[in-house]
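This one's a predicted model, so the numbers in the text were calculated from it and none came from an experiment. The figures that follow rest on heavy atoms only: side chains count, while hydrogens, waters and symmetry mates do not. Here is how names work: the chains are called A, B, and so on, in the same order as the sequence lines, proteins then strands, and each is numbered from 1.
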Number of protein chains: 2
Amino acid sequence: MEEQNLPRREREKLRQRQEILAAALELFSQKGYHNVSMAEIAEKAEFAIGTLYKFFQNKEDLYKALVLEQCDKFEEAITRAIEQPGDEVEKLQNYVRARVERFLNNLSFIRLFLAERRGASFNIKAGLDEELRQRYYKFLERVASIFEDGIKNRRFKKTADPYYLAAALDSAIDASLLLWLEVPERHPDLDPDAILGIFFNGLLES
Amino acid sequence: MEEQNLPRREREKLRQRQEILAAALELFSQKGYHNVSMAEIAEKAEFAIGTLYKFFQNKEDLYKALVLEQCDKFEEAITRAIEQPGDEVEKLQNYVRARVERFLNNLSFIRLFLAERRGASFNIKAGLDEELRQRYYKFLERVASIFEDGIKNRRFKKTADPYYLAAALDSAIDASLLLWLEVPERHPDLDPDAILGIFFNGLLES
DNA sequence: TCAAAAAATGAATTAACCGTCATATTACAG
DNA sequence: CTGTAATATGACGGTTAATTCATTTTTTGA
């Protein structure tokens with residue numbers, strides 16, 4: 001990380017900032033932006049209200065920092081997976097596995113993320129919504145390009161526009177993971193490769 | 001509808017109620033629950049604030065009524081499509097087409113619905129969230145049973161658990177529709193059968 | 001036509017909570 | 001150890017918005 005060689009005071013500050021963000025993440029993901037007060041965040045993080053304002057200009061700023069930071073982590077993890085060497089099948093396998101892993105390690109953020117990525121756009125968060133959308137579309141393009149390459153290399157049939165394929169795969173992952181999260185007793189198996197199987201192996205008996 | 005043979009006064013009331021709900025739907029889907037005030041809804045519906053409280057106990061109650069009513073309509077339309085006679089392939093085609101059609105006719109609610117169906121659960125709406133989840137899972141089961149039948153009848157290969165297939169298809173529909181909604185210039189074609197094609201025709205070259 | 005009942009109204013009440021800032025506490029240098 | 005600077009605190013001012021209810025308006029039926 002970049003914590004390395006900063007003055008002691010600065011490192012301390014960064015750690016405090018992280019603690020506030022952690023408390024906020026937990027609360028926001030449980031109750032949603034509007035149902036969490038600064039007082040609550042302060043109490044959970046064990047700071048005074050005023051202290052929060054030393055780190056963040058206002059509630060919205062705190063929220064943005066939280067979401068963007070988590071997005072960065074998400075993108076880093078997924079990028080690493082996609083950039084492993086291998087053919088398109090392997091890349092997609094790595095992608096789905098990384099998605100699943102990240103999901104399992106970050107349940108609280110996932111709730112927030114899904115709510116944000118697709119939710120109605122709130123005036124109060126104007127700008128963030130648009131930025132997230134843009135980032136998501138760029139990210140989808142990278143997955144789409146795997147499909148595209150696969151088609152070029154005659155490994156995949158062109159069953160649909162690569163971008164739609166990417167969107168479909170990505171949302172199918174979300175759906176499967178949410179299912180597993182919300183009714184685990186009915187759907188115990190969570191096999192990343194099974195999700196891909198839906199796309200690889202056509203349903204129709206030929 | 002059930003408006004038929006009610007006293008004039010009652011019919012009048014129902015119509016007023018609908019007007020309030022229509023105004024609320026538009027506002028909520030544009031700005032989100034917390035960014036719409038009762039005063040705004042009242043003004044848009046051309047009633048006094050107090051009048052809203054003759055129809056709904058409070059803001060949350062109004063919101064619940066709105067969402068549940070729209071869900072009813074959604075379920076009716078989809079049920080009608082699924083219950084058309086035909087083999088499993090035709091049923092799935094009808095299902096996807098009905099989903100697309102409903103989407104196009106109800107853009108404002110779709111935004112609300114997607115936000116609600118997957119969004120973080122808000123305390124304030126406790127109960128509604130759970131009900132929606134339950135209804136959605138029941139609905140998924142019906143789609144899943146089409147896949148199940150198709151597998152039994154040797155029309156489909158068993159590429160995955162039918163319930164996961166249903167969830168994947170359903171969310172792929174959402175994803176494609178949202179894509180089309182948000183960046184129509186890049187993704188002009190919106191062909192229900194193309195979405196199904198992804199699931200029917202395997203990607204892998206054999 | 002008119003008085004009683006029903007319905008509609010929106011000003012006033014009340015509650016929540018964001019963000020400030022005067023004060024208290026802590027850290028630090030001399 | 002002490003005075004000063006840096007930091008932390010949380011009570012409070014101000015604003016927004018949900019809900020109530022006394023009053024006005026409309027409807028009803030005799």
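In this structure, B:Phe47 atom CZ and D:dT25 atom P are separated by 18 Å, rounded to whole Å. In this structure, NE2 of B:His34 is placed 10 Å from P of C:dC17, rounded to the nearest angstrom. Between A:Asp61 atom CG and C:dC18 atom P the separation is 14 Å, expressed in whole Å. Rounded to whole Å, atom C1' of C:dA6 lies 14 Å from atom CD of B:Glu12. Taking atom CD1 on A:Ile41 and atom C1' on D:dG10, their separation rounds to 16 Å, with Å as the unit. Going from atom CD1 of B:Ile49 over to atom C1' of D:dC21 covers 13 Å, rounded to whole Å. Counting to the nearest Å, the P atom of C:dG10 and the CD atom of B:Glu40 are 17 Å from each other. Atom CG of B:Leu52 is separated from atom P of C:dA8 by 11 Å (rounded to the nearest Å).
There is no side-chain donor-acceptor pair under 3.5 Å between A:Gln70 and A:Glu75.
The side chain of A:Ala48 lies closest to D:dG10, out of C:dG10, C:dC17, D:dG10. Relative to the side chain of A:Tyr53, the nucleotides D:dT19, C:dC18, C:dT9 differ in distance, and C:dC18 lies closest. Across D:dT19, C:dC18, C:dT9, the shortest atom-to-atom separation from the side chain of A:Lys59 is found for C:dC18.
Here A:Lys152 does not pair with A:Glu88 in a salt bridge; the nearest charged N to carboxylate O distance is not below 4.0 Å. Ionic pairing of A:Lys44 and A:Glu40 is not present here: no N-O contact between side-chain nitrogen and carboxylate oxygen is shorter than 4.0 angstrom.
Of the residues near DNA chain C, A:Lys54 and A:Met38, the one whose nearest nucleotide (by heavy atom distance) lies more toward the 5' end is A:Met38.
Note that A:Lys158 lies outside the cation-pi zone of A:Phe147, set by a 6.0 Å cut-off to the ring centre and a 45° limit from the axis.
Ring geometry for B:Tyr33 versus B:Tyr63: interplanar angle over 60°, hence perpendicular rather than tilted (30 to 60°).
Residue-level contact check: A:Gln16 touches the backbone only, with heavy atoms under 4.0 Å from sugar-phosphate atoms and none from bases. Nucleic acid contact class of B:Thr51 (heavy atoms, under 4.0 Å, all strands): base.
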